[in-house]
> 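Pasting a structure below so you can have a look.
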Amino acid sequence: MTGAGGPRAVLIGTMGAGKTTVGRLVAERLGVGFADSDQLVEEQRGKSVQDIFVEDGEDAFRALERATVARALEQHDGVLSLGGGAVLDPGTRALLAGRPVVFLRVGLADAVKRVGLGTGRPLLLGNVRARVKQLLDERTPVYEGLARVTVETDGREPSEIAAEIVTALEEQP
Ligand code: S3P
């Protein structure tokens with residue numbers, strides 16, 4: 001995590017959008033490193049996101065996430081994927097201004113298919129489909145408002161999505 005320019009791309013979108021899978025492929029194509037905010041939080045805290053939610057609570061997770069994203073935006077010069085809820089924090093949203101933010105859009109059916117039973121995703125406990133729908137409804141306008149590039153992911157292969165992102169980034173002024 002070095003470099004002054006910040007990430008080449010910051011991937012946002014809800015759970016099941018494919019941020020981690022696609023983010024790795026975009027990083028590969030660009031020949032840069034990949035970082036994922038959930039993984040950075042887990043490394044720093046020494047436990048899983050799931051355990052942080054259960055043992056410390058969502059507020060504690062969000063505080064860690066905010067600090068982690070702020071640091072990564074300063075220090076990481078590759079591709080950065082954000083946890084689906086990171087953009088709920090106004091401070092994080094402000095930090096994303098002027099960044100190459102890419103929104104991976106996913107519809108309800110594909111999101112539900114991709115998250116499966118939601119294992120390891122504390123916000124999906126209970127009725128997965130209803131929870132995913134609620135999160136999509138609440139958050140899609142936020143993702144849209146932050147994105148410089150929006151990519152549709154429904155029914156598409158990660159490699160195809162990654163290729164579209166790289167092209168779109170190259171076309172950015
Ligand atoms: C969350 C999304 C998760 C993880 C946490 C909360 C959310 O990340 O940060 O479980 O609020 O949408 P992914 O979007 O990578 O699954």
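Remember, it's a predicted structure, so these values are computed and weren't measured experimentally. Residue indices begin at 1 and follow the sequence shown. Both ligands and their constituent atoms are indexed starting at 1 by order of listing.
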> Identify the protein heavy atom lying closest to atom 12 (O) of ligand 1, giving its residue, its atom name and the separation to 0.1 Å.
R139 NH1, 2.5 Å

> So which protein heavy atom does atom 13 (P) of ligand 1 come closest to, and at what separation?
D38 OD2, 3.6 Å

> Can you find an N or O of G84 that's nearer than 3.5 Å to an N or O of ligand 1?
yes

> From the options M15, R62, R121, select the one whose nearest heavy atom is closest to atom 11 (O) of ligand 1.
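Looking at heavy atoms only, the winner is R62.
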
> Answer yes or no: does an N/O atom from K19 fall short of 3.5 Å to an N/O atom of ligand 1?
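Between K19 and ligand 1, an N or O pair is found under 3.5 Å apart.
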
> For ligand 1, which atoms, with element, lie under 4.0 Å from some heavy atom of F61?
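Listed by number with element, the hits are 9 (O).
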
> Quick one: does S37's side chain have a donor or acceptor within less than 3.5 Å of a partner on G83's backbone?
yes

> Tell me the contacting part of L123 for ligand 1: side chain, backbone, both, or neither, using a 4.0 Å heavy-atom threshold, strictly below.
side chain

> What heavy-atom pair brings G23 and S81 nearest, and what distance separates the two atoms?
CA-OG, 4.2 Å

> Determine whether a donor-acceptor pair (N or O, by modelled atom type, separation under 3.5 Å) exists between the side chain of D154 and the backbone of G107.
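A pair under 3.5 Å: yes.
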
> Give a yes or no on whether K47 atom NZ has more than 12 heavy-atom contacts from other residues, nucleotides or ligands under 6.0 Å away.
yes

> Where is the tightest heavy-atom contact between A168 and V149, given as atom of each residue plus distance?
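Minimum heavy-atom contact is CB-CG1, 3.7 Å.
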
> Does atom CD of E58 have more than 12 heavy-atom neighbours from other groups under 6.0 Å away?
yes

> Could you report the tightest heavy-atom contact between V106 and A17, atom names first, then the distance?
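Scanning both residues completely, I find the closest heavy atoms to be CG1-CA, 3.8 Å.
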
> Using a 4.0 Å cut-off to any heavy atom of V49, which atoms of ligand 1 qualify?
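That gives atoms 5 (C), 10 (O) of ligand 1.
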
> Quick check: does P122 get an N/O under 3.5 Å from an N/O on ligand 1?
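There is no such contact.
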
